Amino acid sequence: MFRVGVVVFPGSNCDDDARHVLANVVDMDAISCWHKDPLPRGLDAVVLPGGFSFGDYLRCGAIAKFSKVMEGVRRFADAGGPVLGICNGFQILTEVGLLPGALTVNESLRFVCGDVLVEVGGRETPFTRAQAGAQLVMPVAHGEGRFQADPRTLERLDAEEQIVFRYAAGHNPNGAVADVAGICNERGNVVGLMPHPERSSEPILSPEGRGDGRLLFETLRSSLEMVARRP
């Protein structure tokens, strides 16, 4: 059974949701990884869940990036391990430098919460393989989710197909530049997104029973299975 570490910071509030989906919806072994501890060995993937790490003091993710566990997350990512940052997890990944750009205060200056429609880009990642062009309904819940990057970085992200998720027309909730909802690193193994797939992975929690968020976790499992089958 594949082992996925779900990192927990003071203020994380979606870690239980992430572990539930990983364990009970897609049948993987999900374990909690406390921020003060080293990242456990033998993990197949890592998830940085949503929430308000350290109360979002200073700036979202600005304190979490100094946690001991992040040393291991960086090494894991540098070795090619799959890492998914959701909402606050995305913010932490940009703060620690594993993803480019920054998540800033929403254009409306208000907290936004509700379902949005996102489109999956063409880049192959452990979480989006074979999903290019798919449209997924997932909820957002954030006050600082407006992705921004300098023109040169944005041009590079676009050219290298590192914009993994874009808000569909009329669904950009925060004023993110180029409708960016999620990106990946150059290698494609680190992905961050503002919408919450773990909150829309079961029909009972999804509009019209879609359960679109489940696709990301199912794709992770199938990606790990492909790696395990290689000689």
Side-chain angles (χ1 to χ4, degrees), residues 1-6 17-30 43-49 76-77 79-87 89-90 93 98-100 115-140 147 156-169 171 176 178-203 205-231:
M1 181 176 287
F2 298 113
R3 299 181 74 219
V4 182
V6 179
D17 304 66
R19 285 195 305 273
H20 168 75
V21 172
L22 289 164
N24 300 306
V25 178
V26 294
D27 195 26
M28 291 194 279
D29 182 17
L43 296 178
D44 298 294
V46 172
V47 173
L48 302 181
F76 183 82
V83 177
L84 179 66
I86 303 169
C87 195
F90 184 10
L93 290 175
L98 287 173
L99 290 176
D115 291 320
V116 296
L117 181 67
V118 299
E119 298 174 347
V120 182
R123 181 65 179 268
E124 293 273 321
T125 79
F127 308 95
T128 60
R129 183 175 48 81
Q131 291 183 30
Q135 293 192 328
L136 310 178
V137 175
M138 294 184 286
V140 294
F147 181 82
R156 186 181 73 249
L157 290 174
D158 197 26
E160 299 298 325
E161 295 188 308
Q162 289 176 243
I163 302 176
V164 182
F165 301 97
R166 291 184 192 266
Y167 298 111
H171 283 263
D179 296 319
V180 172
I183 62 173
C184 69
N185 63 345
E186 292 183 7
R187 193 170 180 176
N189 62 304
V190 178
V191 173
L193 75 162
M194 288 309 298
H196 286 265
E198 81 286 359
R199 295 185 183 180
S200 58
S201 291
E202 297 173 279
L205 297 177
S206 307
E208 302 176 1
R210 291 171 58 117
D212 288 352
R214 177 175 179 164
L215 291 176
L216 275 70
F217 301 106
E218 288 180 334
T219 302
L220 171 62
R221 182 186 173 96
S222 65
S223 297
L224 294 174
E225 288 172 345
M226 286 181 60
V227 172
R229 288 195 296 268
R230 291 175 184 170

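Please read these numbers as outputs of a predicted model, since none were measured by experiment.
- Nearest heavy-atom pair across F76 and V83 is CD2-CG2, 3.8 Å.
- Rounded to the nearest 0.5 angstrom, Y167 OH and F147 CZ are separated by 11.0 Å.
- The side-chain heavy atoms of M28 and D44, taken from C-beta on, include no pair separated by under 4.5 Å.
- Looking at every heavy atom in both residues, S222 comes nearest to R129 through OG-NH2, 2.5 Å.
- A 4.5 Å side-chain heavy-atom check between V6 and L22 finds at least one atom pair inside the cut-off.
- The structure places CD of Q131 at 5.5 Å from CG of L216, a figure rounded to the nearest 0.5 Å.
- Atoms CD1 and SG, from I163 and C184 in turn, are 9.5 Å apart once rounded to the nearest 0.5 Å.
- Put simply, the side chain of N185 never gets that close to the backbone of L99: no donor and acceptor are under 3.5 Å apart.
- Between R210 and Q135, the shortest heavy-atom distance links the atoms NH2-O, 3.2 Å.
- Here the shortest heavy-atom pairing between S201 and G213 reads OG-C, 3.4 Å.
- Here D27 contributes atom CG and F217 contributes atom CZ; the two are 14.5 Å apart, rounded to the nearest 0.5 Å.
- The OG1 atom of T219 sits 11.0 Å away from atom CG of L224, with the distance rounded to the nearest 0.5 Å.
- More than 12 heavy-atom neighbours from other residues, nucleotides or ligands sit within 6.0 angstrom of CD on E225.
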- request: Any chance you could lay out the salt bridge (charged side-chain N to carboxylate O under 4.0 Å, His left out) test for R214 and E218, step after step, and finish with the verdict?
  value: CA-CA 6 Å; R214 177 175 179 164; E218 288 180 334; 2.5 Å; yes
Between D29 and F2, does a side chain to side chain contact (heavy atoms under 4.5 Å, CB included) hold up when you go through it step by step? CA-CA 6 Å; D29 182 17; F2 298 113; over 6 Å; no
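- One distance of note links CD1 of I183 with CG of D158; it measures 12.0 Å at 0.5 Å rounding.
- The two residues S223 and P126 come nearest to each other via the heavy atoms OG-O, 3.0 Å.
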Run the side-chain donor-acceptor check on residues 190-199: report pairs under 3.5 Å with partners two or more places apart or on a different chain.
residue, atom, partner, partner atom, Å
H196, ND1, E198, OE2, 2.7

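- For the side chain to side chain contact (heavy atoms under 4.5 Å, CB included) test, residues two or more places apart in sequence or in another chain that qualify with A178 are L154, R166, V180.
- Minimum heavy-atom separation, P207 to V137: CG-CG1, 3.8 Å.
- In summary, of the residues considered (V118, T125, L157), a side-chain contact (heavy atoms from CB on, under 4.5 Å) with V164 occurs for T125 alone.
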